[in-house]
**Q** 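Supplied in structure tokens, the structure appears directly below.
Counting starts at 1 for both ligands and their atoms, following the listed order.
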Amino acid sequence: MAEAAWWCDAVLYQIYPRSFQDSDGDGVGDLVGIRERLGYLESLGVDALWLSPFYRSPMADFGYDVSDHCDIDPLFGSLADFDALLAACHERGLKLLIDLVPNHTSVAHPWFEDSRASRSAEKRDWYIWRDPAPDGGPPNNWTSEFGGSAWQWDARTGQYYYHAYLPEQPDLNWRNPAVRRAVFDIMRFWLDRGVDGFRIDVVWHLAKDPRFRDNPVERDPASGRERQVRLYNTDRPDVFDYIAEMCEVTGAYEGRVLIGEIYLPVDRLVDYFVRKGGCEHLPFNFHLVLKPWKAQAIGTSIEEFESRRPADGTPVWALGNHDVARVASRIGGDQARVAAMLLLTLPGMPTVYYGDELGMRDAEVSDANSQDPLAQRIAGRGRDGPRAPMAWSRRAEWGFTEGRPWLDFAANAEEANLAAQRRDPCSMLALYTALIALRKSSAALRRGEWRLLQAGDGVLAYELSLQGERLLVALNFSNSERTLKTQARQADLLLSTCLDRPSPAQEDGVRLRGNEGRVLSLGAA
Ligand code: NOJ
Ligand code: MG
């Protein structure tokens, strides 16, 4: 059998560079800081890191507005710091993925400065320019993910440009082959330096309807409000050609992978497993975040995904990221332990968002201290909460910086800091470390066949099997005791979320305490 690609067995760890470790006292995390903390990541047992953007940027969207894709913003360091970080990762056997932002650039990017200079500019067609509608308004009804019309009027040239996100983030015109070539050159720049792949920002947005048809508007049954269905500006058929081309570029290098950020229902998501030219593109599955935290809803969603995805496609799971409230804030600290067990016992590549392994909750940032520019534009949409700096030690500013941190710490930093977590044998950190170690020891956990089991109210239970190895995972989503009826009499406890040795499986099944999850061995198939 051919050796499996590294991502089939890897645990990915997302770092938001602003918030991991500051090395120069400016209060903002940086690349040297990340390098200083690699020992910690190695001891946690993760296999690969993904860094959110560190490119040159005016920071209208904290780096997702790139003005130079081939340089490091001085806030984060230099190209030499990047090379040193990459080399240090590889020395420790860690893979390094970086964020590729190909859908849009910053308004300050030289490409856009050229494009907006005149209607006949060389790069005019590199972005999406349209005449106003007959009434002088925007060319169509498309709305931005950040609210309001997605069209920005440009008085100098008398046209609108399209932006799926902020007006400071104009969308590139992917229909133009010169744009695609330019993005592929950027990919090669980093692949040549040795990165192990890319997380691709908003990949389902790349292709837009060439006829710019209006999106349908429907009434949301839940809220009763009207909402736009993004039928014509996202998830268009051409996007698969673009992804295939990116695969071809990446496939020229050994062992690299592409992971796309995609918010779509499961039946659409599964089309985003693309294999081309010796490279794979894998879609992020965010349904553990999007679905209500209920055993049945989560179980059904995983089952749908597992039954539809290609057998040779590696799922990529996440409980959170820098755009959504942290898992411990969404579902509470007790259930966050159950969620950790779920994440790390699903086949595929689990993604740990930095700090979740310490049980970090969101920062409670007052309006006066808010940093996310989105908060200034749309009340209630700020994303500061999940971006709080890591708390490492009892030192001032939790050892994150010698200066003034750019953002408040998590509301529960007193417990959710590395020093406190290391002292407590039952801490969230101990649980994550044990789960990752268990996953390393079991091929069934990493790549087994997943089968949903019938379980009582509030319990999610599934079996994983691979080449004779059989495991049972039973997760109690409720806070009271539950018994999972199972035939598996000889089930052996491998790990409880409580990290103790509770009573063994009973004759009548597996007894779970409130908020408890267990992994059990069912022996040979
Ligand atoms: C998704 C990123 O995760 C988010 O932080 C950003 O604002 C948008 N893409 C736009 O790039
Ligand atoms: Mg710094």
**Q** Give the ring-plane orientation class for Phe82 versus Trp190, where under 30° counts as parallel, over 60° as perpendicular and anything between as tilted.
**A** perpendicular
**Q** Check whether the ring centres of Tyr127 and Tyr161 lie less than 6.0 Å apart, and answer yes or no.
**A** no
**Q** For the residue pair Trp174 and Tyr242, does the interplanar ring angle fall in the parallel (under 30°), tilted (30 to 60°) or perpendicular (over 60°) class?
**A** tilted
**Q** With the threshold set at 4.0 Å, does a side-chain nitrogen-carboxylate oxygen contact exist between Asp99 and Arg199?
**A** yes
**Q** Please answer whether the main-chain N or O of Gln159 pairs with a side-chain N or O of Asp154 as donor and acceptor at a distance below 3.5 Å.
**A** no
**Q** Can you tell whether the side chains of Glu306 and Arg309 come within less than 4.0 Å, N to carboxylate O?
**A** yes
**Q** Let me know which protein residues bring a heavy atom to under 4.0 Å of ligand 1; chain then number is fine for ordering.
**A** Asp61, Tyr64, His104, Phe146, Tyr165, Gln169, Arg199, Asp201, Val202, Glu261, His322, Asp323, Arg383, Arg387
**Q** Going by atom types alone, do Glu357 and Tyr40 pair a side-chain donor with an acceptor below 3.5 Å?
**A** yes
**Q** Assign the ring pair Trp126 / Trp111 to parallel, tilted or perpendicular, where the plane angle (0 to 90°) is split at 30° and 60°.
**A** perpendicular
**Q** Does the ring centre of Tyr272 sit less than 6.0 Å away from the ring centre of Phe284?
**A** no
**Q** By residue and atom, what protein N/O/S atoms are less than 2.8 Å from the Mg ion (ligand 2)?
**A** Asp22 OD1, Asp24 OD1, Asp26 OD1, Val28 O, Asp30 OD2
